[in-house]
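These notes concern the structure reproduced below.
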Amino acid sequence: MHCPFCKHPDSRVVDSRTTDDGTSIRRRRQCPDCGRRFTTVETASLMVIKRSGVTEPFSRSKVIAGVRKACQGRPVTEDALAQLGQRVEEAVRATGSAELSTHDVGLAILGPLQDLDLVAYLRFASVYRAFDSLEDFETAITELREQLPPTTPGGLDEDLGVPAPAAAAD
Ligand SMILES: [Zn+2]
């Protein structure tokens with residue numbers, strides 16, 4: 001490939017190693033003309049099949065853009081979004097599939113997003129799990145409550161501004 005510094009049309013591989021997770025190869029290259037070094041990363045191409053049937057390469061930045069929308073107004077940093085994007089990409093690559101649907105990608109986002117921000121998670125889940133009624137939200141919130149310790153400071157109830165349900169009378 002072309003040298004990214006001087007555009008010389010050739011480069012020499014000086015080192016090549018597989019990453020720890022085995023999903024990519026990093027090559028250290030040197031330009032024979034200007035002598036500068038650069039790194040390339042080789043990964044298996046991962047295609048995403050959209051609902052329309054069109055396929056496009058998996059894009060971490062598209063994942064992050066979608067999640068950023070769900071995180072609007074939430075205390076979520078760009079760093080945290082970048083980490084989430086990385087976790088999602090690792091998860092979908094770890095499936096070993098060469099092709100995924102947008103739905104599979106959405107499902108892979110849910111776990112990391114739940115760890116990041118519960119309100120953003122509910123917004124996102126409402127789309128990907130096709131919530132169409134208040135009951136669907138209630139079910140999802142109940143699921144989350146069951147996973148959370150009973151007294152989470154700044155937890156879901158506070159964030160959503162809804163009162164906690166009265167204890168079941170049994
Ligand atoms: Zn060069």
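Order of appearance sets the numbers: ligands from 1, and atoms from 1 within every ligand. Please read all numbers here as calculations on a predicted model, not as lab measurements. In what follows, every heavy atom counts, from backbone to side chain, and hydrogens, waters and symmetry copies are set aside.
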When rounded to the nearest 0.5 angstrom, what is the spacing between CG in Leu144 and CG in Leu122? 5.5 Å

Looking at CG of Asp104 and CD of Glu99, how far apart are the two atoms once the value is rounded to the nearest 0.5 Å?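 The CG atom of Asp104 sits 10.5 Å away from the CD atom of Glu99.
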
Electrostatic pair Arg87-Asp115, nearest N-O below 4.0 angstrom: yes

Salt bridge or not for Glu42 and Arg26, using N-O below 4.0 Å? no

What protein N, O or S atoms come within a distance below 2.8 Å of the Zn ion (ligand 1), ordered by chain and number? Cys3 SG, Cys6 SG, Cys31 SG, Cys34 SG

Distance-only side-chain donor-acceptor flag, Gln147 / Glu143, under 3.5 Å: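 No.
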
Can you confirm whether Thr39 sits close enough to Arg29 that some side-chain heavy atom of one is under 4.5 Å from a side-chain heavy atom of the other?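 The answer is no; the side chains never approach within 4.5 Å.
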
